[in-house]
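Have a look at the structure below, then the notes.
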Amino acid sequence: MASPSGASPPEAMPYLERVANVHVHSTYSDGTAGHEELARHARAAGIDVLLCADHNSWPKQEEGWRKGCLVLIGEEVHAPSRPLENHLLVFGADAPVSPCAEDTQELLDAVRDHGGIAFLAHPYERSGAYANEPEINWLRWDVTGFAGIELWNYMSEWKSYARTLGTSLAAVLAPRRYIRGPYAETLRRWHSLQEGRPVIAIAGSDAHGARYGWGPLKLRVLPYRHLMRALNTHLLVRDNWSGDAAQDAGLVYDALRSGRAFLGYDGLAPTCGFSLVVSSSSAQATMGESIVTSDAVQLSAHAPEKALLRLHRDGQAVAETRGRWLALTIQQPGRYHIEAFRHVAGTWRHWIITNPVRVLAG
């Protein structure tokens with residue numbers, strides 16, 4: 001594994017960071033709050049954008065600026081005849097696509113035809129015996145047309161720790177001691193999918209605000225506000241908010257489509273301000289972008305807190321350092337992304353995962 005060179009600040013990129021909480025359910029499906037209440041929780045948690053996705057429901061009339069938060073309406077679509085497989089997150093479509101849910105490829109074609117962006121929701125799940133939740137996995141790996149995957153789903157990971165009554169209660173009361181990062185099989189799948197084309201990674205809270213029962217004990221598990229302060233997708237948008245919901249939604253979807261985003265476990269420590277820049281003598285690129293060069297390029301990453309920073313090329317770790325900076329010269333083309341870890345309760349836990357910068361040979 002290569003050693004990084006001395007720290008140097010990355011060059012400023014022409015983008016603004018916006019914090020999005022993705023995959024939020026409301027009372028239009030199996031959530032417990034309306035959109036006004038969701039927006040109130042979001043602003044209290046410092047969230048700029050809520051990407052709501054109710055099951056086979058598209059309440060577009062709820063979209064807009066609420067309580068200083070941009071609330072955007074998507075769908076979590078699944079076939080009614082097969083509710084426990086192949087859930088698809090759809091954002092930015094100009095019409096509901098759930099009528100096409102029975103055929104997964106037809107559904108993805110409909111997302112394309114309606115200008116939407118599709119992400120495979122919680123592609124791998126493990127449910128503990130006390131979670132009272134099924135495992136809802138993605139099975140249709142033969143389909144085409146999705147933009148990316150939900151690389152890290154907070155609720156999916158959390159329920160895997162509900163193995164016994166004791167661990168269930170401990171995970172309810174102290175989830176920070178349990179949440180560690182995406183499943184290894186999800187990371188492997190993400191890397192393998194990218195061998196053919198860019199596949200964008202997002203983080204999902206899968207927030208429901210639901211109550212769970214263990215015998216006579218009833219508890220609200222992972223309240224909305226907790227989840228909005230936990231795992232987020234940080235977007236790099238091209239411009240300031242205009243105040244017009246449709247125009248500002250366009251900024252969000254442009255960043256999502258491009259993969260100008262990183263996953264931030266803000267429940268460990270704030271991740272705002274993280275940066276990753278690759279520069280040549282004539283160009284620069286950040287996560288989700290490409291840079292073409294015939295010469296060596298400089299990679300610089302900066303974290304807002306000290307962490308273990310690990311650089312990957314094409315899914316393989318090639319350099320790491322501990323601190324707030326990682327800077328080195330890149331000699332080989334490939335897909336470069338950063339994974340940052342923080343040490344909590346005796347375990348290294350994922351803190352930040354970026355989408356890759358693609359370095360292409362000129």
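Just the heavy atoms: all of them, side chains too, but no hydrogens, waters or symmetry mates, feed the values below.
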State plainly whether one hydrophobic cluster holds both [X] and [Y], where clusters connect Ile, Leu, Val, Met, Phe, Trp and Tyr through side-chain heavy atoms under 4.5 angstrom apart.
{"X": "Phe262", "Y": "Leu187", "result": "yes"}
{"X": "Leu51", "Y": "Val19", "result": "no"}
{"X": "Ile330", "Y": "Leu326", "result": "yes"}

Tell me, do [X] and [Y] make a side-chain contact under 4.5 Å, heavy atoms counted?
{"X": "Thr144", "Y": "Leu108", "value": "no"}
{"X": "Leu165", "Y": "Leu169", "value": "yes"}
{"X": "Asn86", "Y": "Leu88", "value": "no"}
{"X": "Trp351", "Y": "Val344", "value": "no"}
{"X": "Glu17", "Y": "Phe274", "value": "no"}

Any chance you could pull the hydrophobic cluster mates of Leu360, using side-chain heavy atoms under 4.5 angstrom and chaining through other members?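 Same cluster as Leu360: Val292.
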Between [X] and [Y], is any side-chain donor less than 3.5 angstrom from a side-chain acceptor?
{"X": "Glu62", "Y": "Tyr28", "value": "yes"}
{"X": "Glu125", "Y": "Ser156", "value": "yes"}
{"X": "Ser29", "Y": "Asp54", "value": "yes"}
{"X": "His122", "Y": "Glu76", "value": "yes"}
{"X": "Arg342", "Y": "Tyr265", "value": "no"}
{"X": "Trp65", "Y": "Asp248", "value": "yes"}

Exactly one of His87, Lys159, His23 should register a side chain to side chain donor-acceptor pair (under 3.5 Å) with Asp206. Which one does?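 Per the side chain to side chain donor-acceptor pair (under 3.5 Å) rule, the option paired with Asp206 is His23, out of His87, Lys159, His23.
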With Asn232, which of Asp48, Thr271, Asn21 fulfils side chain to side chain donor-acceptor pair (under 3.5 Å)?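 Of the listed options, the one satisfying the test is Asn21.
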Just checking Lys60: does its NZ atom have more than 12 heavy atoms from other residues, nucleotides or ligands closer to it than 6.0 angstrom?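 Yes, because the 6.0 Å sphere around NZ of Lys60 holds more than 12 heavy atoms from other groups.
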Check whether more than 12 heavy atoms from other residues, nucleotides or ligands sit under 6.0 Å from atom CD of Gln316, and answer yes or no.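 No, because the 6.0 Å sphere around CD of Gln316 holds 12 heavy atoms or fewer from other groups.
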Show your reasoning for whether ring pair (Phe, Tyr, Trp, His ring centres under 6.0 Å) applies to Tyr161 and Tyr178. CA-CA 7 Å; Tyr161 300 114; Tyr178 287 84; 5.5 Å; yes
Six-ring centre of [Y], [X] cation under 6.0 angstrom, axis tolerance 45°:
{"X": "Arg229", "Y": "Tyr154", "result": "no"}
{"X": "Arg260", "Y": "Tyr15", "result": "yes"}
{"X": "Arg189", "Y": "Trp141", "result": "yes"}

Taking every non-hydrogen atom, the tightest pair across His35 and Val71: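 Smallest interatomic distance, heavy atoms only, reads CD2-CG1, 3.9 Å.
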May I ask you to decide if Arg349's main-chain N or O and Thr347's side chain share a donor-acceptor pair within less than 3.5 Å?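 No.
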From the options Ile202, Val22, Leu251, Val237, select the one residue that forms a side chain to side chain contact (heavy atoms under 4.5 Å, CB included) with Leu256.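 Option passing the side chain to side chain contact (heavy atoms under 4.5 Å, CB included) with Leu256: Ile202.
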Got a salt bridge between Lys67 and Glu36, using NZ or NE/NH1/NH2 to carboxylate O under 4.0 Å?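 Salt bridge present between Lys67 and Glu36.
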For Tyr336 and His312, I'd like to know if the aromatic rings sit close, meaning centre-to-centre distance below 6.0 Å.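 No, too far apart.
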Quick check: Trp190 with His337 (ring centres under 6.0 Å apart)?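 Under 6.0 Å, so yes.
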Is there a ring pair (Phe, Tyr, Trp, His ring centres under 6.0 Å) between Phe341 and His350 once you walk through the steps? CA-CA 5 Å; Phe341 302 81; His350 269 101; 4.4 Å; yes
